[in-house]
Amino acid sequence: MSEAVRSDATKSAWPAVLTWRAHDVPRMESVRVQLSGNRIKAYGRIVAAATTSHPAFSASYDLVTDETGATKRLSLTVTLAERERQLSIARDEENMWLVQDHQNQAKRAAFDGALDVDVIFSPFFNALPIRRTGIYERTDTITIPVVYVRLPELSVDPATISYSSAGPDLTAGIKLHSPVAETTVTVDKDGFILDYPGLAERI
């Protein structure tokens, strides 16, 4: 990423529209983000052309967190050539998750105490635990449970992600280990992803 682009990407003006372009495949994500302290409201879309691993699809999402930055509610709609499917995920006051799928089947589970949702192919969702824990502002290593959503099939499973930060020097990046990647991501001063090697970069 050029220094000019990096400089623009680190400016804070909320609400904002953040956009990422995949490195090696035809896929993009764009999201409108509203911040109020640690609370996030976001509406975004992932658009992906067909590849060897998945058909062409688009996925739109609507996310609301609580005042700590923990996910309260996520609605997802995935559109394929032959069908459209919805998924709703919500966390209650007891930190239990209610997952309701396109067939109106509901499942209630703790997901190992997860407070965050992670969606495959999305750089945006990686910012949720990074911002909530403040890992990008200190030297620390954390391993956290997440509610993990795969696209385009909309499967939902428990998973764990590890983050390791060298401190407030944002150029050092944050080491990340997830179910699908082991890499070092860079973030802006608000904790949102600038570059996720192997996935996408902010444009």
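Only this structure's heavy atoms are used, side chains among them; waters, hydrogens and symmetry mates stay out.
Atom CD of Gln34 sits about 6.5 Å away from atom NZ of Lys41, to the nearest 0.5 Å. The line from CZ of Arg27 to CH2 of Trp20 is 12.5 Å long, rounded to the nearest 0.5 Å. Annotation: the span from Thr51 atom OG1 to Phe57 atom CZ amounts to 8.5 Å, rounded to 0.5 Å. Atom CD of residue Gln100 and atom OG of residue Ser75 lie 10.0 Å apart, to the nearest 0.5 angstrom. Once rounded to the nearest 0.5 Å, the distance linking OG of Ser58 with CD1 of Ile46 reads 9.5 Å. Annotation: the span from Trp97 atom CH2 to Asp92 atom CG amounts to 9.5 Å, rounded to 0.5 Å.
Side-chain contact between Leu154 and Asp101: absent, with no pair of heavy atoms (C-beta onward) separated by less than 4.5 Å. Contact check for Leu63 versus Leu128: side-chain heavy atoms found under the 4.5 Å cut-off. Between Ile40 and Leu35, the closest side-chain pair of non-hydrogen atoms falls below 4.5 Å. Within the 4.5 Å cutoff, the side chain of Arg91 has heavy atoms near those of the Leu115 side chain. The closest side-chain heavy-atom distance from Leu80 to Pro152 is below 4.5 Å. Put simply, the side chain of Phe125 reaches to within 4.5 Å of the side chain of Leu74, judged on heavy atoms. The shortest side-chain heavy-atom distance between Asn38 and Thr68 does not fall under the 4.5 Å cut-off. Side-chain contact between Asp66 and Glu93: absent, with no pair of heavy atoms (C-beta onward) separated by less than 4.5 Å.
Criterion: ILVMFWY side-chain heavy atoms under 4.5 Å apart, direct or through other members. Under it, Val147 and Ile142 are part of a common hydrophobic cluster. Hydrophobic clustering (ILVMFWY, side-chain heavy atoms < 4.5 Å, transitive): Val187 and Val17 are in distinct clusters. Residues Ile130 and Val180 share a single hydrophobic cluster, defined by chaining ILVMFWY side chains whose heavy atoms lie under 4.5 Å apart.
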Report task. Please test Val119 against Phe121 for side chain to side chain contact (heavy atoms under 4.5 Å, CB included), starting from the C-alpha separation and ending with a verdict. Result -> CA-CA 6 Å; Val119 177; Phe121 303 134; over 6 Å; no
**Report entry** Thr71 and Ile89: CA distance, side-chain angles, deciding distance, side chain to side chain contact (heavy atoms under 4.5 Å, CB included) verdict
**Finding:** CA-CA 9 Å; Thr71 299; Ile89 303 173; over 6 Å; no
Requested in this report: Could you please spell out the steps behind the side chain to side chain contact (heavy atoms under 4.5 Å, CB included) verdict for Arg45 and Thr77?
Outcome: CA-CA 9 Å; Arg45 180 179 295 272; Thr77 300; over 6 Å; no
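Under the 30°/60° scheme for interplanar angles, the aromatic rings of Phe192 and Phe124 are found to lie parallel.
Across all their heavy atoms, Thr139 and Ala166 have their closest contact at OG1-O, 2.9 Å. When every heavy atom of Ala59 is checked against every heavy atom of Val78, the shortest pair comes out as CB-CG2, 3.9 Å. Listed here is the closest heavy atom pair of Arg150 and Pro179: NH2-CB, 4.3 Å. Closest of all the heavy-atom pairs between Ser60 and Tyr43 is CB-OH, 3.9 Å. Heavy atoms only, all atoms of each residue included: Pro123 and Ile193 are closest at O-CG1, 3.3 Å. The heavy-atom pair separating Pro197 from Thr184 by the smallest distance is CD-O, 3.2 Å.
For Lys175, the salt bridge (charged side-chain N to carboxylate O under 4.0 Å, His left out) criterion is met by no residue, not counting sequence neighbours. Residues satisfying the salt bridge (charged side-chain N to carboxylate O under 4.0 Å, His left out) criterion with Asp62, sequence neighbours excluded, are absent altogether.
Considering Ile135, Thr141, Thr143 in turn, Ile135 is the only one that fulfils the side chain to side chain contact (heavy atoms under 4.5 Å, CB included) rule with Tyr163.
Between the side chain of Ser36 and the backbone N or O of Arg39 there is no donor-acceptor pair closer than 3.5 Å. Proximity of a side-chain donor or acceptor of Ser165 to a complementary backbone N or O of Arg138 within less than 3.5 Å is detected.
Legend: side chain to side chain donor-acceptor pair (under 3.5 Å) pairs involving residues 109-135, not counting sequence neighbours, sorted by first then second residue: Glu29-Ser122, Asp116-Arg132.
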